[in-house]
Student: 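Here it is: the structure, laid out below.
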Amino acid sequence: MKNSFDPDNADTMATATRLVNAGRRAEWTGPVVNPPVWRASTHLYENMAALAQGPRSNEDGRFFYGRRGAPTQWALAEALTQMEPGAAGTVLYPSGVAAIAGVLLTVLRPGDVLLMSDNAYDPSRSMGTGMLADFGVETRFFDPRDLDRFVASFCPRTRAVMLEAPGSLTMEMCDIPALARIAREHGAVSVLDNTWAGPTGFAALPHGVDVVLMALTKHVGGHSDLMMGSASAGPELYQRLRLRAQNLGHVVSPDDAALALRGLRTLSLRLKQESDSALKIAAWLARQPQVAQVLCPMLPGAPGHDLWQRDFTGGCGLFSFVLRGGDMARRNRFIDALSLFGIGYSWGGFESLAVPVDPSPVRDVMTWPPSGCEAGDRYGVRLSIGLEDADDLIADLERAFAAIGG
Ligand SMILES: *Cc1c(COP(=O)(O)O)cnc(C)c1O
């Protein structure tokens, strides 16, 4: 039952080693490999003295009441912290959107301005224009590729910058270290939605980001059967995130935490396989006459590839492409003609998915179609490449191109 992995020295180990060992403290696992599912609302106290002590200490890893979790959730949070060099702790949320809300409600006050990347996940955008506006926070959208405009967009009320790279629909990359540095120079907290690359693909905090969040629903879960989010940060911000999450009553179920831990153990294997297949498929798509542009930062020559190569250590199976010409009905016929790709608004599972890309209604400053497309090229498709054989997926795409004609 010996596991001599030292959590305090996690940063010195390679990613693969950390993924296997992270969060598996013997005091949480007991004599088995994984922490059991502690399904608990009530924590019982030894006696009155212990009861009186309970509410007083609000430290991680101490029993108090179910809303503060139990070893299953603590193990997952600690595992995620060990995957993020520079993080003091990780807060778990019941979904990725809850993580975004929990973080923004921590770092913003009425009267503040939030700068949000224009290609951010749509629910992040509507959170800015909806809920945050109701709370007196003003959200302004910016093109993360234009650093000069970004610098000029700060005002004395700017308190936070929300980044996402690549944008999870249209896949634009940005210079995260430069954007985070500029935010810091202006006294604003930088928040990165790192769901695409995850901790194995991009080390957010060492690149200057203040808070890194993820939808664990996607790759960490990895099997399309759970909803969860996380946010990790250095000591000061972590404590603030944690207290705000407690105020909001955020807690995740131990069953889902156990599933997320199971997913985490195979994260790098799955991402490597997906990325290899995605690259092969993206390169094949780039050669098809019906394709105007492939939007995949991992693909040499594609938009944002240089930044991806400079800053990232990995990617995933999610990318988009734009069809040459045609109308929406033709694009929709293409997606309908696929048989190995499900149609669904998610990604990061073991199974491949396809959805349409029509970003124009949800952009303020970034233009669509992307530069490099000709007039008439505008109907996009986003693919989430799963663990099927890449050649089978290519054959499926080939059949769908045949179904819509040249
Ligand atoms: C899916 C997703 C989220 C939200 O996660 P949920 O668990 O579905 O709430 C946040 N950010 C990005 C980039 C996503 O793709």
Side-chain angles (χ1 to χ4, degrees), residues 76 80 90-105 114 116-128 130-132 141 144 161-174 176 190-199 201-202 204 209 211-232 245 248 250-253 256-257 259-260 263-264 267 271 274 278 295-297 304 312 315-320 342-349 351-357 359 362-363 366 380 382-386:
L76 174 61
L80 292 167
T90 297
V91 179
L92 301 174
Y93 300 87
S95 70
V97 164
I100 297 165
V103 170
L104 295 179
L105 289 172
L114 165 67
M116 187 179 290
S117 184
D118 201 33
N119 58 352
Y121 181 60
D122 193 25
S124 300
R125 293 177 51 96
S126 20
M127 198 181 296
M131 178 183 74
L132 293 177
F141 296 99
V161 174
M162 172 92 198
L163 304 170
E164 185 178 315
S168 52
L169 190 61
T170 44
M171 312 306 296
E172 299 88 352
M173 279 296 301
C174 59
I176 301 171
S190 59
V191 178
L192 173 70
D193 183 335
N194 196 32
T195 302
W196 187 84
F202 182 66
V209 170
V211 180
V212 58
L213 66 86
M214 276 192 292
L216 306 180
T217 307
K218 309 291 165 54
H219 275 117
V220 171
H223 296 72
S224 306
D225 53 7
L226 71 95
M227 304 288 299
M228 204 182 291
S230 68
S232 309
L248 290 167
H250 277 149
V251 63
V252 305
S253 92
D256 288 345
L259 283 177
L264 192 68
L267 181 67
L271 287 176
E274 277 180 26
L295 306 171
C296 175
F312 284 54
C316 70
L318 189 81
F319 70 95
S320 299
I343 303 175
Y345 280 118
S346 192
W347 48 283
E351 82 295 3
S352 291
L353 295 172
V355 285
V357 174
V362 289
R363 292 287 182 273
M366 293 170 80
R382 186 182 76 178
L383 301 178
S384 174
I385 302 300

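Start at 1 and go down the list; that is how both ligands and their atoms are numbered. These figures come from a predicted structure and were not determined experimentally.
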Student: So which protein residues pack against ligand 1 under 4.0 Å, heavy atoms counted?
Tutor: Ser95, Gly96, Val97, Ile100, Tyr121, Glu164, Ser168, Asp193, Thr195, Ala215, Thr217, Lys218, Met227, Trp347
Student: Using the side-chain contact (heavy atoms from CB on, under 4.5 Å) rule, take Met131 and Leu104 through it: C-alpha gap first, then chi angles, then the decisive distance, then the call.
Tutor: CA-CA 11 Å; Met131 178 183 74; Leu104 295 179; over 6 Å; no
Student: Under 6.0 Å between ring centres, would you say that holds for His219 and Trp347?
Tutor: yes
Student: Could you measure the distance from the OG atom of Ser124 to the CD atom of Glu164? Nearest 0.5 Å is fine.
Tutor: 6.0 Å
Student: Hey, does the side chain of Thr217 reach the backbone of Met228 with a donor-acceptor pair shorter than 3.5 angstrom?
Tutor: yes
Student: Suppose we screen for salt bridge (charged side-chain N to carboxylate O under 4.0 Å, His left out). Which residues come up paired with Arg125, at least two apart in sequence or across chains?
Tutor: Asp118, Asp364
Student: What's the verdict on side-chain contact (heavy atoms from CB on, under 4.5 Å) for Phe319 and Leu295, showing C-alpha distance, side-chain angles and the deciding distance?
Tutor: CA-CA 6 Å; Phe319 70 95; Leu295 306 171; over 6 Å; no
